[in-house]
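Worksheet for the structure shown next.
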Amino acid sequence: MIIVTVYRTSSCPMCDEVQRVLEDLRETFDLQITVINVDNSEGLRSLMGEIYPIVEIGPYRLRPPVDRQSLEIALGAARDRQSQLQQLGAGEKQNQVNRSTRWSAADALSLWLSRHYLAVFNFFLLLYVGIPFLAPLSLRLGWNRLANAIYTVYSPLCHQLAFRSWFFFGLQPYYPREAAHLDDVVSYEAITGTSGLDLRRARALTGGESLGYGVAPLGFKVALCQRDVAIYGSMLLFGLVFGLTGRRWRRLPWYLWVLFGLVPIALDGVSQLPGLIPYLSQWSLVRESTPLLRTITGFLFGWMTMWYLYPIIEENMRETHAILQGKKRLVAQTMQHESIST
């Protein structure tokens, strides 16, 4: 049996003629004919183009003009190919043909993901950026084991330095190093009594150590640093905006991603690294970024990255959806044909 799929539009005289010819050839070539109206699927039409009919005969695809001679040639080639595969005992090839006419659980999952991938991505981003905020809340409620588990899980994913993290339920929302020169807030060194170069101490500090500044408590640290919160938070925000606006954004050119997404975060992040090295930290040119700059550069990186990636993913998902929808219709018609035959 040769599987033939005809893609057509509602008003198409040439499509009608091709279907008539295929019906005449059905018994001669043992055809199973599936007709798919692309007017019912915007994604399929955008994938196939605007000129119809398009006829798929096994591995061959015919585009207009399609006449009886071209159909007979393609059908003959498809029949010869099937005979050769059978003579060669190409079991794996035949299995591939069989799979193309069966609807599997993997196909169903892929079809679902092709339409709902954005919700899945947003859900996991919400978990990833939201769970770290449960750490300070858990410490506030006395759920120390839960808080410590969250800090431990995120420890390999983020530096968690206290002077570059947000705090809740304390004197201030952040405690920058003295090198940041934010004179209107209490510095990390002042409130902890330790050096900003003691990175192990800064990483381990969560706020649950009974430290305070006068009568005001230190507060409790978020398990992700300020920049990571901005990065993944803006990725989530872009995903929500992308979905609410119909997922019709054009892809951001790569050079704009480099200019506005990568360069600012690289300059702000790399330029403060010498300040963490003991013998370089006293240089006059050494700088420490601020919570505002980390948030801005992190936000730009996350937003621009998703602006570059999501339109690419959306285009591929639309194509996948159209292909799987076509396969689903083909399988449905195949099963109907088999039930009639039996």
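Hydrogens, waters and symmetry mates play no part in the numbers below; they use all other heavy atoms, side chains included.
Using a distance-only test at 3.5 Å, with no hydrogens or angles considered, a donor-acceptor pair links the side chain of N316 to the main chain of I312. Listed for the Q226 side chain is no donor-acceptor partner under 3.5 Å among the backbone atoms of T295. Counting only distance, with no hydrogens or angles, the side chain of Y154 and the backbone of Y128 share a donor-acceptor pair below 3.5 Å. At least one donor-acceptor pair closer than 3.5 Å links the side chain of K221 to the backbone N or O of L205. The backbone N or O of E178 lies less than 3.5 Å from no partner atom in the side chain of E288, so there is not a single donor-acceptor pair. Side chain of Y151 to backbone of Q160: no donor-acceptor contact under 3.5 angstrom is found. No side-chain donor-acceptor contact under 3.5 Å links T297 to the backbone of I265. Of the possible donor and acceptor atoms, one in the side chain of T245 sits under 3.5 Å from a partner among the backbone N and O of F242. Counting only distance, with no hydrogens or angles, the side chain of D39 and the backbone of T9 share no donor-acceptor pair below 3.5 Å. Between the side chain of W307 and the backbone N or O of R250 there is at least one donor-acceptor pair closer than 3.5 Å.
E50 CD: more than 12 foreign heavy atoms inside a 6.0 Å radius. For CZ of R247, the number of neighbouring non-hydrogen atoms (other residues, nucleotides, ligands) closer than 6.0 Å is greater than 12. In the displayed structure, W249 atom CH2 is contacted under 6.0 Å by more than 12 heavy atoms of other residues, nucleotides or ligands. Within a 6.0 Å sphere centred on CZ of F169, other residues, nucleotides and ligands contribute more than 12 heavy atoms. With a 6.0 Å radius and a threshold of 12 heavy atoms from other residues, nucleotides or ligands, I51 has its CD1 atom at or below the threshold.
Ring-centre distance between F133 and F168: below the 6.0 Å cut-off.
A donor-acceptor contact closer than 3.5 angstrom is absent between the side chains of D107 and S110. Neither side chain, R145 nor S138, offers a donor N or O lying under 3.5 Å from an acceptor on the other. R177 and S187 form no side-chain donor-acceptor contact under 3.5 Å, judged by distance and modelled atom types alone. No hydrogens or angles considered: nothing links the side chains of R26 and Q32 as a donor-acceptor pair under 3.5 Å. Judged by distance alone, the side chains of E189 and Y175 never bring a donor and an acceptor atom under 3.5 Å apart. Side-chain contact, D67 with S70: a donor N or O sits under 3.5 Å from an acceptor N or O.
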| message | Using side chain to side chain contact (heavy atoms under 4.5 Å, CB included), reason through R227 and F301 one step at a time and then give a plain yes or no. | response | CA-CA 10 Å; R227 202 185 307 272; F301 178 76; over 6 Å; no

| field | Worked check of side chain to side chain contact (heavy atoms under 4.5 Å, CB included) between V222 and F167 | value | CA-CA 6 Å; V222 176; F167 280 75; over 6 Å; no

| field | Residues L22, V4; criterion side chain to side chain contact (heavy atoms under 4.5 Å, CB included); working and verdict | value | CA-CA 9 Å; L22 288 171; V4 179; 3.9 Å; yes

| query | For S155 and R203, what are the C-alpha separation, side-chain angles and deciding distance, and is it a side chain to side chain donor-acceptor pair (under 3.5 Å)? | reply | CA-CA 9 Å; S155 180; R203 182 177 172 84; 2.5 Å; yes

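Using the six-membered ring where Trp is involved, Y310 and F238 have ring planes that are parallel, under 30° apart on the 30 and 60° scheme. The aromatic rings of F299 and W303 lie parallel to each other, with less than 30° between the two planes, well short of the 60° mark.
Following chains of ILVMFWY side-chain contacts shorter than 4.5 Å, one cannot reach Y60 starting from I33, and the two form parts of different hydrophobic clusters. Linking ILVMFWY side-chain heavy atoms closer than 4.5 Å, directly or via other members, places I313 and Y232 in a single hydrophobic cluster.
Ionic pairing of E315 and R318 is not present here: no N-O contact between side-chain nitrogen and carboxylate oxygen is shorter than 4.0 angstrom. Contact check on D24 versus R20 returns a salt bridge, with a Lys/Arg side-chain nitrogen under 4.0 Å from an Asp/Glu carboxylate oxygen. Looking at D16 and R8, a side-chain N of the basic residue comes within less than 4.0 Å of a carboxylate O on the acidic one, giving a salt bridge.
Side-chain contact between L75 and L25 is present, with at least one heavy-atom pair separated by less than 4.5 Å. Side-chain atoms of R61 and R63, non-hydrogen and from C-beta on, do get closer than 4.5 Å to each other. Looking at I296 and P264, their side chains never come closer than 4.5 Å, going by heavy atoms from C-beta outward. Under the 4.5 Å side-chain criterion, counting only non-hydrogen atoms from C-beta, V6 is not in contact with C15.
Annotation: the span from I54 atom CD1 to T5 atom OG1 amounts to 11.5 Å, rounded to 0.5 Å. Once rounded to the nearest 0.5 Å, the distance linking CD1 of I231 with CG of L125 reads 12.0 Å.
Screening R294, R164, R287 for a salt bridge (Lys or Arg N to Asp or Glu O under 4.0 Å) involving D268 leaves a single residue, R287. With I150 as reference, L146 is the one residue of T152, V153, L146 to meet the side chain to side chain contact (heavy atoms under 4.5 Å, CB included) rule.
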